[in-house]
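Each chain gets a letter, A, B and so on, in the order the sequences are listed, and its residues count up from 1.
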There are 2 protein chains.
Amino acid sequence: MQVRVEVVVFAIRAGKLRVLLAPPEGGVRALPGGIPGGDESLDAAARRVLGEATGNDDLYLEQLYTFSEPRRAGAGGRISVAYFAIAPGAGGQDAAGFSPARRPPRLVRDHGRILALGVERLRTKTEYSTVPLRFLEEPFTLSEVQAVYEVLLDRPLDKRNFRRKMLALEAIEETAGRRRVGAHRPARLFRLSPARPYLLKERGILFPF
Amino acid sequence: MQVRVEVVVFAIRAGKLRVLLAPPEGGVRALPGGIPGGDESLDAAARRVLGEATGNDDLYLEQLYTFSEPRRAGAGGRISVAYFAIAPGAGGQDAAGFSPARRPPRLVRDHGRILALGVERLRTKTEYSTVPLRFLEEPFTLSEVQAVYEVLLDRPLDKRNFRRKMLALEAIEETAGRRRVGAHRPARLFRLSPARPYLLKERGILFPF
DNA sequence: CCAAAAGTGTTGGCGTTACACCCATGG
DNA sequence: CCATGGGTGTAACGCCAACACTTTTGG
């Protein structure tokens, strides 16, 4: 039985949720994937694939789900252990390889299902965890954090409530720096709290409003 | 690379959370497991193993996580796709094969980790879903439902608040029957709502109190 | 001095918690 | 009539959502 890992790499580009797709194999696109080496754990294989696809193997990565396709006439069965990862940065034009995540092009085999599950998981995690912070490059402003959450939840959030709640989580901490762009008041800059780079709910939900 | 499925079958017996273990292989106990047939999906294999272990392949079953052990000197790598299942009934003495889930005996390979993750997943799901209803045999009383939640959350719950909340979910519905045992007021009997046999949160958390 | 993003507090409503007594029955 | 588990309502509190203006800067 063939075992593969597939990685759903999300990013926000130009204000939209995007997913990294590998170059077309025979006209149809695919998630980055590969076959674990004999002495490699699944996590290690996923991280290797992630590094090959993005040039960075140090991104947030977690296992998503394991899919199987039973053997069909002629072919052996295949198992895909799917992971999802988050690539930081909202960089405008280096969107090479990124496609819309919610309305993706046609994908090989069951990669459409895998992607759909990844999108769903990302959305639910946005409601009760701070993984969305992984979309940001440090240092970042609170407005940028809010923008990420708004993209992921696909709705606007109240600025004051958002800030109060986000700060209360202590998942980010202020730095001394200030960012000044254009004719505006300079923005405070934050980074992930080393103690809790991301944080699951202790209790309650983060963004019900 | 060898692929296996392992199934964590939970039940409540004598007021405690228990897990079904297979007969000892060489002194150490193991979760029920097996090797998927070539034309079998992982879900189908898990359900088959479940049926072999419990005599009933129609229980609640969901995928838990996929574990891998890299190849060690001499041996090939192994992948375990773990599932968790719920066996209903609080039957007192048919506890054959069931061991304490939170303080299990020593288990083979990484089955201890798998079980621990299953226990943890069950606890978190208890807070935001109605899967715990699967521990009950229909028809059941509200007091029985509360007892299940108390075992899973490992703390007492307020009776009036519990009932109000549980009924508001519309995950269970009253039947015409009444259960009378001993010198007590007869209890109303319920069953799972066919429409929503179990229900994930729409919003918010079920049992924060 | 104007435009634009950053930043900041308060209040009303709702949901959650806490809490104690009556009901129905069999023996 | 008593013991036991089933069943029920309300009030206080705290959290959440809604809401608008001031600050800071560059041009």
| remark: The nucleotide from dA17(D), dT8(D), dT25(D) with an atom nearest the side chain of Arg188(B) is dT8(D)
| For DNA chain D, whose closest nucleotide is more 5', that of Gly182(A) or that of Arg160(A)? | Arg160(A)
| Distance, rounded to the nearest Å, where Gln146(A) contributes CD and dG7(C) contributes P | 12 Å
| OG1/Thr130(A) to CD1/Ile172(A) distance, rounded to the nearest 0.5 angstrom? | 9.5 Å
| task | Sequence neighbours left out, what passes side chain to side chain contact (heavy atoms under 4.5 Å, CB included) with Arg164(B)? Give chain and number order. | result | Asn161(B)
| field | Length of the line joining Arg164(B):CZ and dT16(C):P, which is rounded to integer Å | value | 10 Å
| Whole-Å gap separating C1' (dA18(D)) and CZ (Arg163(A)) | 17 Å
| field | Partners passing side-chain hydrogen bond (donor to acceptor under 3.5 Å, both in side chains) against Ser143(A) (at least two apart in sequence or in another chain) | value | Arg163(A)
| remark: Sorted by chain and residue number, the side chain to side chain contact (heavy atoms under 4.5 Å, CB included) partners of Asp57(B) (sequence neighbours excluded) come out as Arg47(B)
| note | From CG of Leu189(A) across to C1' of dG7(C) the rounded distance in Å is 14 Å
Check nucleotides 1-3 of chain C for protein N or O atoms closer than 3.5 Å to its own N or O atoms and list the pairs.
none

| message | Does a side-chain N or O of Ser143(B) approach OP1 or OP2 of dG5(D) to a distance below 4.0 Å, or not? | response | no
| query | Of all residues at least two apart in sequence or in a different chain, which pass the side-chain hydrogen bond (donor to acceptor under 3.5 Å, both in side chains) check with Thr66(B)? | reply | Thr66(A)
| Among Val148(A), Leu192(A), Leu61(A), Leu59(A), which one satisfies side chain to side chain contact (heavy atoms under 4.5 Å, CB included) with Arg134(A)? | Leu192(A)
| Which whole-number value in Å describes the distance from Phe162(A) CZ to dC16(D) P? | 15 Å
| task | Name all residues meeting the side-chain hydrogen bond (donor to acceptor under 3.5 Å, both in side chains) criterion together with Ser41(B); count only those two or more places apart in sequence or in a different chain, and write none if there are none. | result | none
Strictly under 3.5 Å: I want the nitrogen or oxygen pairs between protein and nucleotides 21-23 of chain C, one per line.
unit_1  : atom_1 : unit_2    : atom_2 : d
dC23(C) : O4'    : Arg185(B) : NH1    : 3.2

| said: What is the distance, to the nearest angstrom, from the CG atom on Leu167(A) to the P atom on dG9(C)? | reply: 12 Å
| What does Arg180(B) touch in the nucleic acid at a heavy-atom separation under 4.0 angstrom: a base, only the sugar-phosphate, or nothing? | sugar-phosphate
| request: Could you pull out all residues at least two apart from Phe140(B) that satisfy ring pair (Phe, Tyr, Trp, His ring centres under 6.0 Å)? | output: none
| message | Nearest whole Å is fine: how far is dC16(D) P from Leu169(A) CG? | response | 11 Å
| field | Interatomic distance where CZ belongs to Arg178(A) and C1' belongs to dA5(C) [whole Å] | value | 15 Å
| field | Any residue meeting side-chain hydrogen bond (donor to acceptor under 3.5 Å, both in side chains) with Arg180(A), in chain and number order, not counting sequence neighbours | value | none
